[in-house]
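Letters A, B, ... mirror the listed sequences (proteins, then strands); counts begin at 1.
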There are 2 protein chains.
Amino acid sequence: MKTAEAARLSDEETAGIDAYWRAANYLSVGQIYLLDNPLLREPLRPEHIKPRLLGHWGTSPGLNFCYAHLNRVITARDLDMIYVMGPGHGGPAAVANAWLEGTYSEVYPHVAQDEAGMARLFRQFSFPGGVPSHVAPETPGSIHEGGELGYSLAHAYGAAFDNPGLVVACIVGDGEAETGPLAASWHSTKFLDPVRDGAVLPILHLNGYKIANPAVLARIPEEELCMLFEGYGYRPLLVSGDDPHSMHRRMASALDQALDEIGRIQRAARAGGDAARRRWPMIVLRTPKGWTGPEVVDGLPVEGTWRAHQVPLPNVRGNPAHLAQLEAWLRSYGPGELFDADGRPVAAVRERAPRGRRRMSANPHANGGELLRPLVLPDFRDYAVAAGEPGTTAAEPTRVLGAFLRDVVAANPGNFRIMGPDETASNRLGAVFEATDRVFQGELLPTDEHQARHGQVMEVLSEHLCQGWLEGYLLTGRHGVFNSYEAFVHIVDAMFNQHAKWLKVTRELPWRRPVASLNYLLSSHVWRQDHNGFTHQDPGFLDVVMNKKPQIVRVYLPPDANTLLSVADHCLRSRDYVNVVVAGKQPSLTWLSMDEAIAHCTRGIGIWEWASTGGGADPDVVLACAGDVPTLETLAAADLLRRHFPDLRVRVVNVVDLMRLQPPGEHPHGLPDAEFDAIFTTDKPIIFAFHGYPYLVHRLTYRRAGHRNLHVRGYKEEGTTTTPFDMVMLNDLDRYHLVMDVIDRVPGLGGRVAPIRQRMADRRLALRAHTREYGEDAPEVRDWTWPYGDGTGGGRPDAGEPVPGGAGGAGEEAS
Amino acid sequence: MKTAEAARLSDEETAGIDAYWRAANYLSVGQIYLLDNPLLREPLRPEHIKPRLLGHWGTSPGLNFCYAHLNRVITARDLDMIYVMGPGHGGPAAVANAWLEGTYSEVYPHVAQDEAGMARLFRQFSFPGGVPSHVAPETPGSIHEGGELGYSLAHAYGAAFDNPGLVVACIVGDGEAETGPLAASWHSTKFLDPVRDGAVLPILHLNGYKIANPAVLARIPEEELCMLFEGYGYRPLLVSGDDPHSMHRRMASALDQALDEIGRIQRAARAGGDAARRRWPMIVLRTPKGWTGPEVVDGLPVEGTWRAHQVPLPNVRGNPAHLAQLEAWLRSYGPGELFDADGRPVAAVRERAPRGRRRMSANPHANGGELLRPLVLPDFRDYAVAAGEPGTTAAEPTRVLGAFLRDVVAANPGNFRIMGPDETASNRLGAVFEATDRVFQGELLPTDEHQARHGQVMEVLSEHLCQGWLEGYLLTGRHGVFNSYEAFVHIVDAMFNQHAKWLKVTRELPWRRPVASLNYLLSSHVWRQDHNGFTHQDPGFLDVVMNKKPQIVRVYLPPDANTLLSVADHCLRSRDYVNVVVAGKQPSLTWLSMDEAIAHCTRGIGIWEWASTGGGADPDVVLACAGDVPTLETLAAADLLRRHFPDLRVRVVNVVDLMRLQPPGEHPHGLPDAEFDAIFTTDKPIIFAFHGYPYLVHRLTYRRAGHRNLHVRGYKEEGTTTTPFDMVMLNDLDRYHLVMDVIDRVPGLGGRVAPIRQRMADRRLALRAHTREYGEDAPEVRDWTWPYGDGTGGGRPDAGEPVPGGAGGAGEEAS
């Protein structure tokens, strides 16, 4: 590891940086402690102190130290730089710097750069009705809150992609560095193109402690630490110490070295002469935790220990010794030299900040909506699958979508990326490789396909990286899609939660401009993971998503290729949402023409009259479905019902937009009760075949008048390696069981009921036996198609006769 | 990196290992392809081939190669060893070895070690009614399925803790190595005590490819790879090549070096002379993907590329060239030399396997229930909080639990661990440090507290590691608790899902013995993360949990310290469950004496008659609650109702065991309808104050007769840094709003309704204003206690008079 040498900072410059740093530290302490007397014009008294002391001091001086030094290089080099603070609980630091730079007062004019403003700044922090204690959306300059640790570095790289002029400084706490997502994120350089992407400058801050424990990376030999980061592919520069004066010089030197090196790498690559992967610089900053704070409190060491993590002096109101210690601590920064008589930072401090949008707190990349360019979208209707009679031809929906995405990729270089954990081809989006490649900076071999130094597809076997990169990319004003196996998107449940919370708050902040939605495409879903088995079968992400604010979340279950196209176009145009689209990759029947699909998706829910008997009017039973496989089984059940109960009036309802099921008071997409009742009736049995866990439908509809008649089939956590039809049988979602459900719930079906019900049960046994004998589904289920046309012509075949030539076959994919 | 030198294996031994390896490879290919003709007694015909070809070849030869070599060292050194296969999709390999070792036929006698058995072995694999394609619970010798990648190494370390005689060989795929959890898991040596723990031997298998992409670690320079693992603290040994003969010698040498080194480390540490952390050995094995399989198929390279990942010859039934290639491939292993006329492995192959329980497929550590020793549990009643009149004294529930856990720790050395992401003290379980320390092998400093080379508490800032270690520890027959901040347990949603799926399947396998339950203690929960704010507020893990099989999952919401003790004791005694306990750490009122708590927890739900008016009989309204803060607000609402509507008959119901709400057909704990109706009534308004997202209660109760009268308050995704009472107000869960809910739903409350409702609304506004003015909750809510006793004596105070001296104060914790 290279130890940074003392830079030739002038004494004046060193003093200026130090003054800025002291001002930021003063403001950080003030936010944690002070209700009043912000400039210490009078001796500190208990009533100047907040009753609840909430905030994290420990990391703040380190964050401020970096901020002060980054400001120097921004100005000196006219850098376009943003700052991702992994230790986001150091909120006081972020707010302090935004205020010192003037940005805070521009965004929140009532918190002016004067004494009254400083008083408000202090009071509001972590105070009811004020601002959060973390680097939250409310904090100008942030794209990263960091409340849940592990994602800072992935966010930083996401921000850098396709931003060739940007440098993202990212401070990684030594606590966060223990998390899995962060440990994987160091490898992001293997996906960063020095030609078309910007740079990330990671600063690993070893202050030695978490809440109550030493940090792992702070307690291994320096040689080992060095090898670790060299092994990750970096050139680490060490800045270590606790004497401010020499630390300023060392940090300045390290930053200059790092930025020189970044420049060299970029220039060499951009000149076209150097395509080899280079060691990007990083800084290891080792300082005491709670640096410049109280050394000892109540006889116990605080500075440089875990005790500095939050509030070093816990009882300032009640303990005069603590109060005196706080006052001494605050005065140690010399506030009288840092702020003028009005409470405004003195010129020597103010001038340390860069100008205008060069200020990290005002950089538009950290308010990405300001830079958002809408996607150039081809007309999705041009990719439509020709649909003749409904349910007679098959297509692979994600493959059809792939062609659309290929042209989205081609039309939006530098503004659109597809992330996925090694599954873009497996999810049958392979057409995108006609327009782009997978970006990869590792060794390339002649046998590789679609791997290149630049590309708009990013594949790494880490859902955490895919999600983190995409969040960073979106929050800095670009667009993208994350495609994942449905089951394994649970890996990023927690990251989704945090992003949804971030969006929820940003929507309440007028100055935060809308950003592109985070679009999930979940394929290889529960019903067609029959070949990978039980571990790959989990549709529960929808339940996680539906717990978040209705204003943010959208869930779509397009039943076929054309509806998928329509939904995808809608999602790509939307802003500030999380859109979840579940779609199959296996050949499946096309139900709707493009025009019908658009109409259906626009409504989000609808009666399929062509599939209903009696034109769907005055039904005896409602067969509802959501999801591609449930739709197939529902239509096949409708077919069986026509054959066996020709007089039964069956209404078929398909749901694309899951939120339509909720009352309008619960979700903006909620269907008014009158419309819901008109579709589902209030008194007829509803058999609902659902893609996910059946409880979710109950949870969405429990307030509806017809809910007591609702019977939901879905995934009930049964599955293994077997055939597709056996999978639906294992969960009682199959056509025969749906017919049995109808028989069990519709009164007055007449004398033939018992034998028909038995026949359904017998078919299930026979089909299971067939499967176990031959290892594949029987043609009668595999090749079934809808035999009735759309009601405008086609006749009705004889009962019981299988219709050949359909879809639903095996067609396995690697995984 | 040290390249392994050729070992002095005799030619005979090399040939024996090679024969075993070829046999395992033959059996792996046979499982993927063959329906019949297992010994190739006749030329291969299409009807011998499975109709659906499902399985993963690519990783299998590498898994088999390691298995063959591990068998050699097990026998040579009489090792107690298990094998964790990260690339668990290589199920054919695991099954093949278990069959070769005879274990498979012992566990599944119908799959004998003969030709008919081999035919069954082949047919059943990935076949309907057969066994899964992955290393599933059905596979003898496995504690790790690996369907979701990232957890193998954490599982391996978990197995090794407190098993000083065990060596856990863990093969890590280069795909899996890209995941976050795996990237963090390498640091596990910093928590492995060479004295009291066993050893893990990681084998990083670089076969170069994932499904469709090169693997990152396979495409960086070897020097960089070496530094990475030295930086992680290992001594890597490289075994690289594709010539079987020389690779056998290199692998044998590397294993000997690694095991010699493990022995040296352990002996030195156990002799007491060497407490320094040492570099543990690891092996980097670089082989072609799909080694020994088809080199080229249809003109495209397969061996050594991603095309070997799953089924290298995709169309064997339909393409005679593929069929011929498969036959040549199978015959290349020389089945005639490997299996005798009866289809039994020849002696030279059989004798490569270790004996009895030394076989990795039969090692009891991989069926941990066989080794399970029940916990020695102190009498939890001894830790009870003295409860006088209900709701008049306060305790910190997790602190009370901490004393109990301290004695559980002390009574169960080597059999019980507590995992947590740096939060054991923050969650106020600090009493455990009177009995044990936090284990840490990094540098120790004089200022450290409760850090030592051995300890039963494990803290690392990675929920993934905590969960993975604990799973490995439990599945090898030990006990433990994972304590986490409630919001951040979402980080391991996916791991929980996989563990619950594993348990679900093991319960269907009689030979899998029950293991201790996985116990989550979720503290620092949504309602008391008012100081950390919105990112720390998420009670949705309960929703994730409730999607899993009811036979596996249990959720408890003890309302006070004594109920928490009772629940904890119950959970620690249970087997094969996932128990989730949500408990507060802040001072909160004690409602029940220990005897009452036991009775209440045994029922799981009950009417609190002492809190009800009219003795709880024939109520006008039911106030139900689940969770500590909702219970507090509900009781305070009951107090307000007594004051303002003295004639209103209010029934207070508390729910500890959330599954009691479900119908008995849905969950084994489900309350029969008659009992549910008797508690909740079928016709009276129910105002339910719930700890989590309110939908969950609806989802659990929608089939109940009284559901239409149910109104649930819970967390609706509103929160920030504010006071505890403001948090409940933000979500309309506060006492005043509950009273307003009662007023809005109970008919005939008389003429005073409107002014009282207004008074409630005014109180809320006044309290919010108070909070924003003073930064803390008003005494009237903060210090409220239950003023009525338990109905056996205490009188009723005047309406509107606050009762001093209670709980609910701030009491902040670091985080």
Minimum heavy-atom distance between B/I220 and A/G231, given as atom pair plus value | CD1-O, 4.3 Å
Chain B shares the most heavy-atom pairs under 4.5 Å, among A/S133, A/S462, A/G442, A/G533, with A/S133
Answer with side chain, backbone, both or neither: which region of A/F125 has an atom nearer than 4.5 Å to a non-hydrogen atom of chain B?
-> neither
Proximal component of A/Q498, with respect to chain B [non-hydrogen, under 4.5 Å] = side chain
Under 6.0 Å between ring centres, would you say that holds for B/H698 and A/Y702?
-> yes
What part of A/F127 gets closer than 4.5 Å to chain B, counting heavy atoms only: side chain, backbone, both or neither?
-> both
Mind ranking B/K501, B/R772, B/E666, B/K716 by heavy-atom pairs under 4.5 Å with chain A and telling me who comes out on top?
-> B/K501
May I ask you to decide if B/A218's main-chain N or O and B/D174's side chain share a donor-acceptor pair within less than 3.5 Å?
-> no
Interface check, chain A: of B/A494, B/P539, B/S185, most non-hydrogen pairs under 4.5 Å belong to B/A494
Geometric class of the A/F488/A/H536 ring pair [parallel <30°, tilted 30-60°, perpendicular >60°] | perpendicular
Check: A/A154 main-chain N/O paired with A/H464 side-chain donor or acceptor under 3.5 Å = no
For chain B, find which of A/P314, A/P128, A/G180, A/A183 contributes the most heavy-atom pairs closer than 4.5 angstrom.
-> A/P128
A/Y232 and A/H187 aromatic centres sub-6.0 Å = yes
Salt bridge present between B/E449 and A/R307 (N-O < 4.0 angstrom) | yes
Under 4.5 Å to a heavy atom of chain B? For A/T447 that would be both
Proximity breakdown for B/R703 and chain A, heavy-atom pairs closer than 4.5 Å = side chain
Engaged part of B/Q451 at the chain A interface, taking heavy atoms whose separation is under 4.5 Å | side chain
Below 4.5 Å from any heavy atom of chain B, which atoms of A/F496 appear? Answer side chain, backbone, both or neither.
-> neither
Examine whether an atom of A/R279 lies under 4.5 Å from a heavy atom of chain B, and if so say whether it belongs to the side chain, the backbone or both; otherwise answer neither.
-> side chain
What part of B/L149 is in contact with chain A, defined as an atom under 4.5 angstrom from a non-hydrogen atom: side chain, backbone, both or neither?
-> side chain
When only pairs under 4.5 Å are counted, which of B/H450, B/E224, B/E459, B/E443 shares the most heavy-atom pairs with chain A?
-> B/E224
Provide the closest heavy-atom pair for B/L461 versus A/G175 in the form atom of the first, atom of the second, distance.
-> CB-O, 3.7 Å
Among A/V311, A/L35, A/D538, A/V544, who wins on heavy-atom pairs under 4.5 Å with chain B?
-> A/D538
When you measure from the side chain of A/R277 to the backbone N and O of A/F440, does any donor-acceptor pair fall under 3.5 Å?
-> no
Does one side chain, of A/T723 or A/D530, offer a donor that lies under 3.5 Å from an acceptor on the other?
-> no
Specify which of A/D726, A/N497, A/T305 makes the most heavy-atom pairs with chain B at under 4.5 Å.
-> A/N497
Between B/Q529 and B/Y485, is any side-chain donor less than 3.5 angstrom from a side-chain acceptor?
-> no
Any side-chain donor near an acceptor of the partner, B/R219 and B/N213, under 3.5 Å = no
Cation-pi geometry met for A/K504 and B/F534 (6.0 Å, 45°) = yes
Mind ranking A/L465, A/D493, A/V697 by heavy-atom pairs under 4.5 Å with chain B and telling me who comes out on top?
-> A/D493
Check each atom of B/R438 against the heavy atoms of chain A and say whether the ones under 4.5 Å are side chain, backbone, both or neither.
-> side chain
Which region of B/R123, side chain (C-beta onward) or backbone (N, CA, C, O), has a non-hydrogen atom less than 4.5 Å from a non-hydrogen atom of chain A, or is it both or neither?
-> side chain
Counting heavy-atom pairs under 4.5 angstrom with chain A, the leader among B/F541, B/Y209, B/Y695, B/W306 is B/Y695
Tell me, out of A/G540, A/A177, A/A212, A/A136, who's got the most heavy-atom pairs with chain B below 4.5 Å.
-> A/A212
Could you look at B/D422 and say if it's the side chain, the backbone, both or neither that has a heavy atom under 4.5 Å from chain A?
-> both
Contact winner vs chain A - B/K190, B/E145, B/K548, B/K50, heavy-atom pairs under 4.5 Å = B/K548
Verify side chain to side chain donor-acceptor pair (under 3.5 Å) between B/H89 and A/N532, making sure each step is shown before the conclusion.
-> CA-CA 8 Å; B/H89 51 280; A/N532 270 310; over 6 Å; no
Identify which part of A/L300 has an atom lying under 4.5 Å from any heavy atom of chain B, answering side chain, backbone, both or neither.
-> neither
Honestly, the part of A/L445 sitting under 4.5 Å from a heavy atom of chain B is both
Contacting region of B/P132 [heavy-atom separation from chain A under 4.5 Å] = both
Which pair of heavy atoms, one from A/M727 and one from A/G719, lies closest together, and at what distance?
-> SD-CA, 3.7 Å
For B/T721 and A/S126 the tightest heavy-atom approach is CG2-OG, 2.9 Å
Of the listed residues (B/P421, B/A487, B/P181), which shares the most heavy-atom pairs with chain A below a 4.5 Å separation?
-> B/P181
